[in-house]
Amino acid sequence: MVTLPGGQEIRARLHARRQVKDGWRYQVGFLIWQDAAGDDVEAAEHRVWVSPAHARPVPGISYEHVPTLRASRTSRTPLREGQPAWTLQHLPHRPGHPGATLIHVIGCTPSTQTLDREQALTALRQPRAAACGECAAAGSLTDTERDDLPGQAPQEPTPMPPG
């Protein structure tokens, strides 16, 4: 359940959870209306990272399957539970725009191509590759090796919460 500004509670889907230095954040998705072709509207999922103050579990639901990234107690590098923890999205070439690759935390964008930590770091080093800013994939991959990644500013680790 997610509490919206104004106090309304709605049911949402938990996509991922990550541990941050001051606690946990939960990536939730819920349906909202958006404009469609013509004068129509259609349902679209809105995803956002929220704090525990804005999300609570639904009684009787298991969250074992939810990807969880935990911060290491001994370093700034987050640890991941389960394999793998990231996905790859290929953005096709369009006239005037070369193709690109985005690395996501699992659950951000549907993908059949999953990556472990080393594969994700290698993918980020490729030309026209970037970490998704929406799911904070760059933060979950932060380490000293990343310092040489083009276009990747250092960030604090952003792992996910326990079930």
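All values reported here derive from a predicted model rather than from experimental measurement. These numbers come from the heavy atoms of this one structure, side chains and all, not from hydrogens, waters or symmetry mates.
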statement: Closest heavy-atom pair, G99 versus R128, reported as atoms and distance to 0.1 Å, is O-NE, 2.9 Å

message: Quick one: does any side-chain atom of Q126 pair with a main-chain N or O of A123 as donor and acceptor, under 3.5 Å?
response: no

Mind listing the side-chain donor-acceptor pairs of residues 3-14 below 3.5 Å, one per line with the distance, residues two or more places apart or on another chain?
from: E9; atom 1: OE1; to: R56; atom 2: NH2; distance (Å): 2.9
from: E9; atom 1: OE2; to: R56; atom 2: NE; distance (Å): 3.0

query: Quick one: are Q119 and T122 in side-chain contact, heavy atoms under 4.5 Å?
result: no

query: Should Y63 and V2 be regarded as members of a common hydrophobic cluster, given that ILVMFWY residues are connected when their side-chain heavy atoms come within less than 4.5 Å of each other, either directly or indirectly?
result: yes

task: Please name the pair of heavy atoms, one in A55 and one in V50, separated by the smallest distance, quoted to 0.1 Å.
output: CB-CG2, 3.7 Å

query: When Ile, Leu, Val, Met, Phe, Trp and Tyr are grouped by side-chain heavy atoms lying under 4.5 Å apart, directly or through other members, which residues fall in the same group as L102?
result: L91

- request: State the CG-CG distance between L115 and L88, to the nearest 0.5 angstrom.
  value: 5.0 Å

message: For a 4.5 angstrom cut-off between non-hydrogen side-chain atoms, does V58 reach M1?
response: yes

field: Stepwise side-chain contact (heavy atoms from CB on, under 4.5 Å) check, T114 with W86
entry: CA-CA 6 Å; T114 57; W86 297 272; over 6 Å; no

query: If you round to the nearest 0.5 Å, how far is NE2 of H15 from CD of E45?
result: 3.5 Å

message: Quick check: is L31 connected to I61 through a chain of hydrophobic side chains (ILVMFWY, heavy atoms under 4.5 Å apart)?
response: no

message: Going by ring-ring contact (aromatic ring centres under 6.0 Å, His included), name the residues that satisfy it together with H46, two or more places apart in sequence or in a different chain.
response: F30

statement: Taking every heavy atom of S51 against every heavy atom of Y26, the minimum-distance pair comes out as C-CD1, 4.3 Å

field: Contacts of type side chain to side chain donor-acceptor pair (under 3.5 Å), residue Q34, not counting sequence neighbours
entry: E42

